[in-house]
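Sequential numbering from 1 along the given sequence is applied to the chain's residues. The shown structure was predicted, so the numbers you read here are calculated from the model rather than taken from an experiment.
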Amino acid sequence: FKWTKKLGPATLRWKVMGSRFYVRDTQFGRRFFERWFDNRCSFKDQYSLWHTILELSAEAGCVDYKGEIWERHSYDSVRHMKPSMAGAELQLTCDVIH
């Protein structure tokens with residue numbers, strides 16, 4: 001997620017969007033896709049992707065995330081969320097996860 005660092009505080013670094021994602025064939029990469037597909041229970045892939053990124057970031061100690069996206073926010077509210085609207089639990093603090 002290095003490219004989001006260039007955008008500065010105007011973005012939530014975990015809120016990625018796209019139609020193609022490339023992950024190295026490593027244990028972490030396979031675990032990432034496995035978790036993302038296990039989390040896909042909503043009508044949008046992005047919603048589960050954001051949740052997965054935050055879960056793995058929490059495991060790495062980069063954010064204090066405990067499922068707040070699914071518990072407190074709708075897809076639309078997260079899609080339009082700005083950093084100033086997000087609580088501390090949604091602020092990613094690591095420069096690089098893996």
Side-chain angles (χ1 to χ4, degrees):
F1 308 101
K2 291 180 182 181
W3 66 272
T4 59
K5 189 175 184 179
K6 296 176 188 173
L7 299 175
T11 186
L12 292 166
R13 295 179 60 203
W14 50 265
K15 204 168 88 172
V16 297
M17 296 183 190
S19 60
R20 292 187 183 127
F21 296 96
Y22 300 91
V23 175
R24 290 189 176 141
D25 186 13
T26 63
Q27 182 179 2
F28 178 85
R30 289 187 296 274
R31 198 174 93 225
F32 172 82
F33 276 121
E34 180 181 0
R35 173 125 8 136
W36 180 17
F37 295 135
D38 282 347
N39 284 336
R40 288 178 63 195
C41 64
S42 66
F43 68 103
K44 291 285 189 181
D45 286 338
Q46 289 170 326
Y47 203 36
S48 57
L49 174 63
W50 298 332
H51 177 69
T52 300
I53 290 170
L54 286 165
E55 280 184 324
L56 292 171
S57 298
E59 288 176 12
C62 298
V63 68
D64 185 24
Y65 180 72
K66 297 177 185 74
E68 288 84 357
I69 283 182
W70 283 352
E71 292 175 9
R72 300 181 191 165
H73 304 282
S74 68
Y75 168 76
D76 284 330
S77 72
V78 175
R79 183 171 175 247
H80 299 290
M81 185 180 286
K82 304 290 184 217
S84 61
M85 300 162 51
E89 71 278 359
L90 299 178
Q91 302 293 333
L92 190 61
T93 58
C94 292
D95 286 336
V96 177
I97 303 300
H98 274 275

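Proximity of W50 to R79: side-chain heavy atoms (C-beta onward) are separated by under 4.5 Å at one or more points. At least one side-chain heavy atom of L56 sits less than 4.5 Å from a side-chain heavy atom of R31. In this structure the side chain of I53 reaches within 4.5 angstrom of the side chain of F32, judged on heavy atoms.
Here the closest heavy-atom approach between residue R40 and residue S48 is recorded as CG-OG, 3.3 Å. The two residues E55 and Y65 make their nearest non-hydrogen contact at N-CD2, 3.8 Å. Across K66 and E71, no two heavy atoms sit closer than the pair O-OE2, 3.4 Å. When all heavy atoms are compared, the tightest approach of H51 to I69 is N-CD1, 4.4 Å. Among all heavy-atom pairs drawn from L54 and V63, the shortest one is O-CG1, 3.7 Å.
For D38, there are no salt bridge (charged side-chain N to carboxylate O under 4.0 Å, His left out) partners, not counting sequence neighbours.
Here the straight-line distance linking atom CZ of R35 with atom CG of L49 works out to 13.0 Å at 0.5 Å rounding.
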